Amino acid sequence: MRIGFHTDAFNSAYWSFEKCLQWASDNDVHFIECGLIDGVSWIHGLGYQPHVALYEDPALLRRKMDRYGVRFSQVDAAYPLSGEDGPLRGVPYVLKSIAWAAQAGSPCVDTTDGLHMPAGLSEEKSMALMKRSYEKIIEVAEAHEIIVNIEPHGHFTTRPEFMARMLAFVDSKWLRMNMDTGNTFIAGQEPTEFLSRFIDKVSHVHVKDVSQSLADAVRGGQTGIAVSHCALGDGVNAENIKACLAQLRAHGYDGVLSLECEGAAGPMIEKSLAWIRATCRDLGIKLH
């Protein structure tokens with residue numbers, strides 16, 4: 001397996017993407033994940049946002065990343081596709097992201113649904129809407145040979161019965177799942193059971209712990225965590241993460257474990273990096 005991180009760890013630090021590349025290089029981390037911006041944002045333009053805009057040339061960015069010894073594991077285009085504006089705004093965004101990712105050297109594009117049940121739609125109407133959207137998305141993904149992942153993060157995707165239907169929207173090896181240990185847990189699921197059901201579809205993994213206080217306050221009432229304010233190993237999800245890693249090892253998973261935790265409010269991400277390396281060593285997982 002390989003270790004990476006999502007640059008949203010440094011949202012609150014107002015870092016640029018290049019500063020995240022430097023952090024990766026300094027910490028011997030060679031895979032990175034970031035959000036994609038479709039348009040111009042003043043805060044990004046001033047260098048205060050650690051994500052990448054689609055107007056940035058992907059070939060030149062790839063060349064810059066090579067100098068830091070860092071590659072994309074995934075780019076995040078997770079505009080919620082479950083609402084009525086999913087086809088209008090989400091689908092064009094994802095389609096552009098797929099073509100951009102192919103040039104930037106990212107093997108995966110992340111997608112998801114909305115956190116809440118869309119207003120004005122029934123569950124079946126929302127599912128039908130998403131099915132049409134993913135059919136078009138996967139047509140483009142197959143042409144570019146890019147994996148489109150569905151991440152458990154919302155009303156539908158954190159419920160196994162709906163995730164199973166979504167992963168069957170299209171019969172294609174390019175439609176897969178981004179496992180998230182924190183989102184599944186906070187949604188009231190057992191991460192190990194969720195992973196076990198879909199392990200054949202997993203191509204990318206978000207690793208995040210959950211603090212006791214957050215779990216006590218909202219577990220079962222929320223469907224996702226924007227950024228975990230808990231270092232790996234310090235929360236109530238640590239044993240689930242270890243068990244998930246053991247499952248992935250037994251299944252032969254050789255993809256990226258992408259860390260998702262706060263990076264600016266103290267040394268959480270450095271502590272998380274040390275924990276994941278030690279835990280993988282203890283589990284006999286070879287890291288590349």
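Source: prediction; values computed, not measured.
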Min side-chain heavy-atom separation Q247-S196 under 4.5 Å: yes

same_hphob_cluster(W174, F198) at 4.5 Å side-chain heavy-atom cutoff: no

Students should find that the hydrophobic cluster of F31, defined by side-chain heavy atoms under 4.5 Å apart, otherwise consists of V256

Would you say that more than 12 heavy atoms from the other residues, nucleotides or ligands in this model lie under 6.0 Å from the CZ of R176, or not? yes

Looking at D209 and G235, would you say the former's side chain and the latter's main chain have a donor-acceptor pair under 3.5 Å? yes

Tracing side-chain links under 4.5 Å among I, L, V, M, F, W and Y, which residues wind up in one group with I43? Y14, W42, L46, Y48

Which heavy atom of S272 sits nearest to which heavy atom of L259, and what is that distance? C-CD1, 4.3 Å

According to the salt bridge (Lys or Arg N to Asp or Glu O under 4.0 Å) rule, which pairs have a member within residues 139-150, sequence neighbours left out? K136-E139

If you measure only the distance, is there a donor-acceptor pair under 3.5 Å linking the side chains of E262 and S12? yes

May I ask you to decide if E151's main-chain N or O and T157's side chain share a donor-acceptor pair within less than 3.5 Å? yes

Return the minimal non-hydrogen interatomic distance between G69 and H30, and the atom names on each side. O-ND1, 2.9 Å

Distance-only donor-acceptor pairs under 3.5 Å for side chains of residues 274-288, two or more places apart:
residue	atom	partner	partner atom	Å
R277	NH2	N27	O	3.0
R277	NH2	D28	O	3.1
T279	OG1	W275	O	2.8

Could I get the full list of side-chain contact (heavy atoms from CB on, under 4.5 Å) partners for A77, not counting sequence neighbours? Y93, V94, S97, V109

Honestly curious: do V227 and V52 fall in one hydrophobic cluster under the side-chain, below-4.5 Å linking rule? no

Any chance the side chains of Q74 and N149 put a donor and an acceptor closer than 3.5 Å? yes

Enter the distance from M179:CE to L257:CG here, rounded to the nearest 0.5 Å. 11.5 Å

Do the side chains of D180 and K208 get nearer than 4.5 Å, heavy atoms only? yes

Mind jotting down which residue pairs meet the side chain to side chain donor-acceptor pair (under 3.5 Å) criterion with at least one end in residues 76-85? Sequence neighbours excluded, please. H6-D76, Y79-D85

Drop me the distance from M130's CE to T112's OG1, to the nearest 0.5 angstrom. 8.5 Å

According to a hydrophobic-cluster definition based on side-chain heavy atoms being under 4.5 Å apart (Ile, Leu, Val, Met, Phe, Trp, Tyr only), do M268 and L232 belong together? no

Shortest non-hydrogen pair, T158 vs N183, comes out as CG2-O, 4.2 Å

Would you confirm whether N237, through its side chain, and T181, through its main-chain N or O, come within 3.5 Å as a donor-acceptor pair? yes

Enumerate the residue pairs fulfilling salt bridge (Lys or Arg N to Asp or Glu O under 4.0 Å) with a member in residues 152-173, sequence neighbours excluded, ordered by first and then second residue. E123-R159, E124-R165, R159-E161

Under the side-chain contact (heavy atoms from CB on, under 4.5 Å) test, which residues partner Q22, sequence neighbours left out? S25, D26, Y68

From Y253 atom OH to S203 atom OG, the distance as rounded to the nearest 0.5 Å: 6.5 Å

Just by distance, no angles: are the side chains of H204 and N178 close enough, under 3.5 Å, to form a donor-acceptor pair? yes

Has H116 got more than 12 heavy atoms of other residues, nucleotides or ligands less than 6.0 Å from its NE2? no

Between M177 and M1, is there shared hydrophobic-cluster membership here, with clusters defined by ILVMFWY side-chain heavy atoms closer than 4.5 Å? yes

Side chain proximity check, E135 to K131, heavy atoms < 4.5 angstrom: yes

Donor-acceptor pair, distance only, cut-off 3.5 Å: does the side chain of H206 make one with the backbone of S258? no

Under the salt bridge (Lys or Arg N to Asp or Glu O under 4.0 Å) definition, can you give me all pairs with a residue in residues 181-206, not counting sequence neighbours? E190-R219

Residues at least two apart in sequence or cross-chain that pass side-chain contact (heavy atoms from CB on, under 4.5 Å) with A24, listed by chain then number, are F5, V29, V70

Minimum side-chain heavy-atom gap V207-E260 below 4.5 Å: no

Are L129 and K125 side-chain neighbours, meaning at least one heavy-atom pair lies under 4.5 Å? no

Working to the nearest 0.5 angstrom, can you tell me the gap between I150 CD1 and M166 CE? 4.5 Å

For residues 96-118, pull every pair meeting salt bridge (Lys or Arg N to Asp or Glu O under 4.0 Å), keeping only residues two or more places apart or in separate chains. D38-K96

Check whether any side-chain heavy atom of L61 lies under 4.5 Å from a side-chain heavy atom of W100, and answer yes or no. yes

Smallest separation among heavy atoms of E56 and A53, with atom names: OE2-N, 2.8 Å

Atom CE of M65 and atom CG of L60: how far apart are they, to the nearest 0.5 Å? 13.0 Å

If we count only N and O atoms by modelled type, under 3.5 Å, do the side chains of T111 and Y134 hold a donor and an acceptor together? yes

Donor-acceptor check, side chain of R71 to backbone of S106, threshold 3.5 angstrom: yes or no? no

Between C108 and F72, does the side-chain contact (heavy atoms from CB on, under 4.5 Å) criterion hold? Intermediate values first, please. CA-CA 9 Å; C108 304; F72 281 121; over 6 Å; no

So do the side chains of P80 and F156 get within less than 4.5 Å of each other, counting heavy atoms only? no

Please name the pair of heavy atoms, one in F10 and one in C20, separated by the smallest distance, quoted to 0.1 Å. CD1-SG, 3.8 Å

Value rounded to 0.5 Å, distance of OG in S172 from CD1 in I137: 12.0 Å

Side chain proximity check, L175 to I147, heavy atoms < 4.5 angstrom: no

Any idea which heavy atoms bring G35 and T7 closest together, and the distance? N-OG1, 4.4 Å

ILVMFWY cluster membership beyond L214 - transitive side-chain contacts under 4.5 angstrom: F185, I186, V210, V218, I225, V236

